[in-house]
Amino acid sequence: MIDIKDLRANTERYKTACEQKRSSVDIDALLSLDEQARDLRQELQDLTTEKNQAGKTIAQIKDADERQRAIDRMSELKAREKEIAAQLEALEPQIEEMMLLVPLPSHPESPVGPDESGNVEVRRWGEVRDFGFEAKDHIELGTALGIVDLERGVKLSGSRNYVLRGDGALLHRAVLSLALDLMVEKGFEPMTVPVLTKEKTFMGTGWFPEGKAQAYQVPEDELFLVGTAEVPVTSFHMDEILDESELPKRYVAQSLCFRREAGAAGKDTYGLYRIHQFEKVEQVIVCKYDLEEAEKWHQCILANSEELMQKLELPYRVLEICTGDMGTGKYRMYDIETYMPSRGGYCETHSASNLLDFQTRRLNLRYRDADRKVRHCISMNNTVVASPRVLIPLLELNQNADGSITIPVALRPYMGGRERIVAK
RNA sequence: GGAGGAGUGGCCGAGUGGCUUAAGGCGACGGUCUUGAAAACCGUUGUACCGCAAGGUACCGGGGGUUCGAAUCCCUCCUCCUCCGCCA
């Protein structure tokens with residue numbers, strides 16, 4: 001959520017943001033509703049003032065007639081108050097609904113573009129391997145090795161589900177453990193968080209309302225399954241006022257993630273790329289409102305993930321995401337794409353977003369600065385690793401001619417010291 | 001799941017319809033005193049909205065109601081505690 005005062009003062013900035021982010025919110029209509037609401041609020045407040053005073057006076061009036069007149073006057077005030085309150089109640093949800101959709105203006109250096117075609121490659125790391133034999137894809141490899149079972153996953157839970165078994169399950173755990181250990185070593189505080197959370201955490205982090213169709217719901221308990229630990233971790237301090245001295249908060253959480261993939265029917269249907277349930281290690285930073293410091297942390301969480309990919313020896317590239325591809329609440333955003341032979345190119349494995357105060361306004365997450373002033377924090381997040389998606393390049397790039405998999409050195413301590421995965 | 005009890009400011013805690021602009025205490029901050037500190041004393045001590053300001057308004061777990069007037073009475077939901085049942 002953006003600051004409505006800023007919207008009033010710098011309207012053009014937000015209209016530009018709407019164009020760049022391809023948002024259809026009607027800013028002028030919003031401002032007009034806002035003005036009506038403000039007038040109503042003022043009138044309501046004046047009425048309350050008069051009512052409060054009348055209430056005090058009545059207690060002291062001795063004369064019965066006079067007292068009755070005062071009570072009658074009070075009835076009038078209450079009737080008028082009810083009227084105005086009703087008008088305001090009709091107006092406020094409309095304003096709220098629109099406010100949730102107003103895009104955050106992006107970083108001045110963010111590339112301006114209509115969609116993913118406008119993203120800009122920042123750098124590449126690692127060599128794309130030349131196999132010298134006919135390479136298999138991760139499903140062929142995993143099935144033959146008995147470590148990936150798609151058929152039975154579908155039997156249990158329908159399309160886009162899978163079972164990892166044996167060394168597949170161990171490799172999945174290994175990648176996550178390496179990622180979590182790396183982040184703890186860097187001083188991030190590890191957390192386990194609920195994956196079933198309230199709607200306000202989704203609204204607060206900006207996943208709702210737009211992404212509501214992507215979430216599995218548990219209507220009986222009014223809870224939703226998270227698609228990322230970003231939701232509970234960023235919401236952890238909601239409705240709190242932190243002290244500047246405790247910032248920045250650096251958190252890391254491993255969690256299950258659930259996505260309905262509504263609207264993605266027929267897209268990426270093959271293999272472990274787009275699935276309903278996966279596991280992810282996510283890093284979240286909450287810092288004070290300082291653009292320079294936030295930029296530093298944003299680069300830091302990007303570097304952390306790159307470091308992990310380098311440990312895993314997986315070739316990747318970093319993209320700076322353009323305005324049209326970055327989403328309503330994002331200020332600046334990078335993706336890491338990892339080379340996946342079976343998909344014929346680099347595909348998204350990480351997403352690093354700086355959201356400034358977009359989430360913290362919705363979450364009511366603030367801090368007291370050195371001058372005792374209360375301000376909204378800045379929040380940002382990035383994937384450390386998501387599995388099994390990362391297993392796609394991991395299996396495919398480390399395959400040998402005989403169908404075995406060479407385990408990257410960094411993962412061997414988590415795989416009983418073994419160098420290879422071979423068929424049983 | 002069943003039966004009871006409780007939710008007041010950063011914390012403790014008073015308050016059962018108007019004298020509460022929420023007493024009092026603790027903590028925190030500032031000041032006086034002191035070579036420095038402690039003690040003592042004095043003062044300050046929430047968030048949000050409207051307003052240039054003075055000031056006004058809302059908030060006593062959330063929502064709704066009764067009343068001229070609600071922290072206080074009623075309804076409902078939530079959370080926590082105790083006991084019983086079930087359970088990884």
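Every chain is numbered from 1, with letters handed out A, B, ... down the list of sequences.
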Undergrad: Which residues pass the salt bridge (charged side-chain N to carboxylate O under 4.0 Å, His left out) test with A:Glu244, not counting sequence neighbours?
TA: A:Lys288

Undergrad: For A:Asp137, which residues count as a salt bridge (charged side-chain N to carboxylate O under 4.0 Å, His left out) partner, sequence neighbours excluded?
TA: none

Undergrad: Cut-off 3.5 Å, side chains only: do A:Thr201 and A:Thr197 have a donor facing an acceptor?
TA: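 Yes, A:Thr197 and A:Thr201 have a side-chain donor paired with an acceptor closer than 3.5 Å.
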
Undergrad: From NZ of A:Lys200 over to P of B:rU79, roughly how many Å is that when rounded to an integer?
TA: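 In whole Å, B:rU79 P lies 12 Å from A:Lys200 NZ.
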
Undergrad: Provide the distance between the two C1' atoms, one in B:rG5 and one in B:rC11, to the nearest whole Å.
TA: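 These two C1' atoms come out 23 Å apart once rounded.
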
Undergrad: Could you list all N or O pairs between the protein and nucleotides 85-88 of chain B that sit under 3.5 Å apart?
TA:
none

Undergrad: In whole Å, what is the span from the CG atom of A:Asp239 to the P atom of B:rG61?
TA: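 Rounded to the whole Å, the gap is 16 Å.
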
Undergrad: Take atom P in B:rG62 and the same atom in B:rU72, then report the distance between them in whole Å.
TA: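 11 Å, rounded to whole Å.
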
Undergrad: To the nearest Å, how far apart are A:Lys82 NZ and B:rU66 C1'?
TA: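 Roughly 13 Å, once rounded to whole Å.
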
Undergrad: Quick one: A:Glu222 CD to B:rC77 P, roughly how many Å, whole number?
TA: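 Checked: the CD to P distance equals 13 Å.
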
Undergrad: Report the stems of RNA chain B as range-with-range entries sorted by first number; a stem here is at least three consecutive pairs, Watson-Crick or G-U wobble, both distances under 3.5 Å, and write none if there are none.
TA: B:1-7 with B:78-84, B:10-12 with B:24-26, B:27-32 with B:40-45, B:46-50 with B:55-59, B:61-65 with B:73-77

Undergrad: Whole angstrom is fine here: how far is it from CD in A:Glu81 over to P in B:rU57?
TA: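 Rounded to the whole Å, the gap is 13 Å.
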
Undergrad: Roughly how far apart, to the nearest Å, are B:rG2 and B:rC68 at atom P?
TA: 38 Å

Undergrad: For A:Lys186, check salt bridge (charged side-chain N to carboxylate O under 4.0 Å, His left out) against everything at least two apart and list the hits.
TA: A:Glu307

Undergrad: Checking A:Arg375 now: which residues fulfil side chain to side chain donor-acceptor pair (under 3.5 Å) with it, not counting sequence neighbours?
TA: none

Undergrad: Say you pick atom P in B:rG65 and the same atom in B:rA71; how far apart are they, in whole Å?
TA: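 Result for the P pair: 15 Å, nearest Å.
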
Undergrad: Taking salt bridge (Lys or Arg N to Asp or Glu O under 4.0 Å) as the cut-off, I'd like each qualifying pair that reaches into residues 212-224 of chain A, sequence neighbours left out, listed once.
TA: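 Checked against salt bridge (Lys or Arg N to Asp or Glu O under 4.0 Å) - neighbours excluded - the pairs reaching residues 212-224 of chain A are A:Glu199-A:Lys212.
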
Undergrad: A:Glu246 has an atom CD; how far is it from atom C1' of B:rG10, in whole Å?
TA: 13 Å

Undergrad: Say we look at B:rA23 and B:rU79: how far apart would their P atoms be, to the nearest angstrom?
TA: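 B:rA23 and B:rU79 have their P atoms separated by 31 Å.
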
Undergrad: Can you tell me how far P in B:rG31 sits from the matching atom in B:rU21, rounded to whole Å?
TA: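 It works out to 33 Å between them.
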
Undergrad: For residues 177-185 of chain A, run the donor-acceptor check on the side chains, cut-off 3.5 Å, and write out each pair with its distance to 0.1 Å, sequence neighbours left out.
TA:
| residue | atom | partner | partner atom | Å |
| --- | --- | --- | --- | --- |
| A:Ser177 | OG | A:Arg173 | O | 2.9 |
| A:Asp181 | OD2 | A:Tyr414 | OH | 2.6 |

Undergrad: Please report the distance separating the C1' of B:rG9 from the corresponding atom of B:rG61, rounded so that it comes out in whole Å.
TA: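 Approximately 14 Å lies between the C1' atom of B:rG9 and that of B:rG61.
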
Undergrad: Fit a plane to each ring of A:Phe208 and A:Phe202, take the angle between them on a 0 to 90° scale, and name the class: parallel (under 30°), tilted (30 to 60°) or perpendicular (over 60°).
TA: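 The arrangement is parallel - the two ring planes meet at less than 30°.
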
Undergrad: Whole Å only: how far is the CG atom of A:Leu44 from the C1' atom of B:rU57?
TA: 9 Å

Undergrad: Identify each atom pair where a protein N or O and an N or O of nucleotides 46-50 of chain B are less than 3.5 Å apart, giving names and distance.
TA:
| residue | atom | partner | partner atom | Å |
| --- | --- | --- | --- | --- |
| B:rU47 | OP1 | A:Arg368 | NH1 | 2.7 |
| B:rU47 | O3' | A:Arg366 | NH1 | 3.1 |
| B:rA48 | OP1 | A:Arg366 | NH1 | 3.1 |
| B:rC50 | O2' | A:Gln42 | OE1 | 2.3 |

Undergrad: Does one side chain, of A:Ser351 or A:Asp335, offer a donor that lies under 3.5 Å from an acceptor on the other?
TA: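 The criterion, which ignores hydrogens and geometry beyond distance, is satisfied for A:Asp335 and A:Ser351.
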
Undergrad: Throw together a table of side-chain donor-acceptor distances under 3.5 angstrom for residues 86-96 of chain A, partners on residues two or more places apart or in other chains.
TA:
| residue | atom | partner | partner atom | Å |
| --- | --- | --- | --- | --- |
| A:Glu92 | OE2 | A:Arg41 | NE | 3.3 |
| A:Glu92 | OE2 | A:Arg41 | NH2 | 3.3 |
| A:Gln94 | NE2 | A:Ala90 | O | 3.2 |

Undergrad: By the ring-ring contact (aromatic ring centres under 6.0 Å, His included) test, which pairs, at least two apart or in different chains, include something from residues 74-107 of chain A?
TA: A:His107-A:Tyr331

Undergrad: Could you list the residues that satisfy ring pair (Phe, Tyr, Trp, His ring centres under 6.0 Å) with A:His237, not counting sequence neighbours?
TA: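 Expected list: A:Tyr251.
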
Undergrad: If I pick the C1' atom on B:rG85 and the same atom on B:rU67, what distance separates them, to the nearest angstrom?
TA: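 These two C1' atoms come out 44 Å apart once rounded.
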
Undergrad: Considering heavy-atom distances to RNA chain B, does A:Asp46 or A:Glu89 have its closest nucleotide positioned more toward the 5' end?
TA: A:Asp46

